[in-house]
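The analysis underlying the following values was restricted to heavy atoms, covering all of them including side chains, and did not include hydrogens, waters or symmetry mates. Numbered from 1 within each chain, the chains take letters A, B, ... in sequence-line order.
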Amino acid sequence: MKWRKLNKILHRDIGYALVALTIIYSISGIAVNHINDWNPNYIIRKDTITFTPHKEFIPNKEKAINYLVSQLDLGEKIRESFRPDSASVQLFLEDQTIVANLVQGRAIIESVESRSVFRETNFLHLNAPKKLWTYIADIFAFGLIVLAITGLFMLKGKQGFGGRGKWFVLGGILIPIIFLLLYFQ
Amino acid sequence: MKKYLFSFIITVLISTVLFAGEGKKFGKEISTKESTQISEILNQPDEFLGKTVLIEGTVLNVCKMRGCWMEIASDKEFESIVVKVEDGEIVFPMEAKGNKASVEGVFYAVEVEEENHEHKEGETCGEEGESCIHKTKKYLIKGLGAEIQM
């Protein structure tokens with residue numbers, strides 16, 4: 001088999017095999033790239049509500065919880081509770097967390113929703129599963145290198161690497177070099 | 001060719017199921033047998049500095065962005081401790097909030113500088129009205145492994 005035919009077969013079949021992983025890593029890459037602007041894993045909603053403040057501290061935890069429950073008219077079952085300080089109560093419901101200051105009469109209700117697709121892609125991209133996934137990710141990375149190299153030699157002539165292709169490759173090399181010269185310390 | 005491809009896909013799927021994580025365990029397997037109460041650790045921090053401990057308590061908060069820390073309630077009111085892990089090494093999910101967790105890790109302290117406008121008695125730190133910088137110790141646990149009842 002001629003080397004160019006083998007090159008085409010490799011590029012085509014590895015390309016097919018890596019479509020899903022490339023899309024997963026790309027979606028997560030964009031999501032994680034903007035981590036300072038948004039939360040790529042969760043949609044967090046916070047609502048502040050007010051209620052009649054309790055005039056003095058309630059030393060007993062159960063009484064403090066009962067007071068808050070009566071004020072907020074909570075119907076949901078309380079899974080857990082905690083007192084971060086003498087004026088506050090933290091309640092954990094099925095899908096919400098409530099942090100309330102009884103003396104100020106103010107409560108923050110937080111609900112967390114998983115950002116589907118992004119969370120799953122981030123889970124894989126950031127190698128949270130570890131174990132076998134580490135090797136899958138290594139194979140994917142190696143596959144991308146093979147794709148890049150075989151991609152150079154897909155076409156012959158004017159449209160190939162020897163023609164206009166080399167200028168595109170040069171441009172692609174220059175982009176990281178320019179940024180390294182500008183920002184790398 | 002189709003036969004090989006099919007075998008490959010089946011092998012990958014079976015291996016994935018076999019090697020998949022349990023979903024409730026994070027990081028290394030917990031090896032410490034006996035747990036220590038958080039209140040006991042915070043009551044005599046110098047005794048536990050640098051030691052590996054196993055703590056248990058309700059998860060109060062989780063790092064929203066990277067899942068790189070979680071706050072565990074102490075057995076005593078008004079008291080909690082933060083478990084910090086290396087970014088990306090362990091990722092705690094936000095669903096952990098309100099659930100019981102067992103965490104194994106190394107107890108350590110960091111010095112935190114706090115700006116305070118109220119001068120302590122006999123304290124002079126600059127002109128009148130200027131703030132004082134107080135150095136306080138904050139105690140944390142470097143998380144190695146955790147199990148969350150989710």
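For chain A, the nearby part of B/E79 is the backbone; its heavy atoms alone come within less than 4.5 Å. Residue A/K61 touches chain B through both its backbone and its side chain, counting heavy-atom pairs closer than 4.5 Å. Heavy atoms closer than 4.5 Å to chain B are found in the side chain of A/N41, but not in its backbone. Of the atoms belonging to A/S86, heavy atoms from both backbone and side chain fall under 4.5 Å from chain B. Proximity to chain B (any heavy atom under 4.5 Å) is restricted, for A/I44, to the side chain, taken from C-beta onward. Residue A/R83 touches chain B through both its backbone and its side chain, counting heavy-atom pairs closer than 4.5 Å. Residue A/W133: no heavy atom, backbone or side chain, is found under 4.5 Å from chain B.
In this structure, A/L18 is not a member of the same hydrophobic cluster as A/I149, with clusters built from ILVMFWY side-chain heavy atoms closer than 4.5 Å. A/L124 and A/L21 fall within the same hydrophobic cluster, where Ile, Leu, Val, Met, Phe, Trp and Tyr residues are linked whenever their side-chain heavy atoms come under 4.5 Å apart, directly or through other members. In the hydrophobic clustering of ILVMFWY residues, with side-chain heavy atoms under 4.5 Å counting as a link, A/I145 and A/V169 come out together. Cluster membership check: A/I98 does not share its hydrophobic cluster with A/V112, using side-chain heavy-atom separations under 4.5 Å among Ile, Leu, Val, Met, Phe, Trp and Tyr. Residue A/V32 is not grouped with residue A/I27 when hydrophobic side chains (ILVMFWY) are merged at heavy-atom distances under 4.5 angstrom, including chains of intermediate members.
Heavy-atom contacts from other residues, nucleotides or ligands closer than 6.0 Å to NZ of B/K84 number more than 12. Surrounding CZ of A/R4 are more than 12 heavy atoms belonging to other residues, nucleotides or ligands, all under 6.0 Å away. Atom NZ of B/K142 sits in a sparse spot, with 12 or fewer heavy atoms from other residues, nucleotides or ligands closer than 6.0 Å. No more than 12 heavy atoms of other residues, nucleotides or ligands lie within 6.0 Å of CD in B/E86, so this atom counts as exposed by the packing criterion. Around CZ of A/R119, the count of heavy atoms belonging to other residues, nucleotides or ligands within 6.0 Å exceeds 12. Residue-environment remark: NZ (A/K130) exceeds the threshold of 12 foreign heavy atoms within 6.0 Å. For CH2 of A/W167, the number of neighbouring non-hydrogen atoms (other residues, nucleotides, ligands) closer than 6.0 Å is 12 at most.
Residues satisfying the ring-ring contact (aromatic ring centres under 6.0 Å, His included) test with A/Y16, not counting sequence neighbours, are none. By the ring-ring contact (aromatic ring centres under 6.0 Å, His included) test, A/F142 is found to be paired with no residue, residues two or more places apart in sequence or in another chain being considered.
At a heavy-atom separation below 4.5 angstrom, chain A is approached by B/M94, B/E95, B/K97, B/G98, B/N99, B/K100 within residues 94-112 of chain B. When the heavy atoms of residues 45-67 of chain B are compared with those of chain A, the residues falling under 4.5 Å are B/T58, B/V59, B/L60, B/N61, B/K64, B/M65, B/R66, listed by number.
Between B/F78 and A/P84 there is no side-chain heavy-atom pair separated by less than 4.5 Å.
What you find for A/Y42 and B/P93 is that their closest heavy atoms are OH-CA, 3.3 Å. Scanning all heavy atoms of the two residues, the minimum distance from A/P59 to B/E77 falls at O-OE1, 4.4 Å.
With respect to chain B, the highest number of heavy-atom pairs below 4.5 Å among A/T97, A/L126, A/D95 belongs to A/T97.
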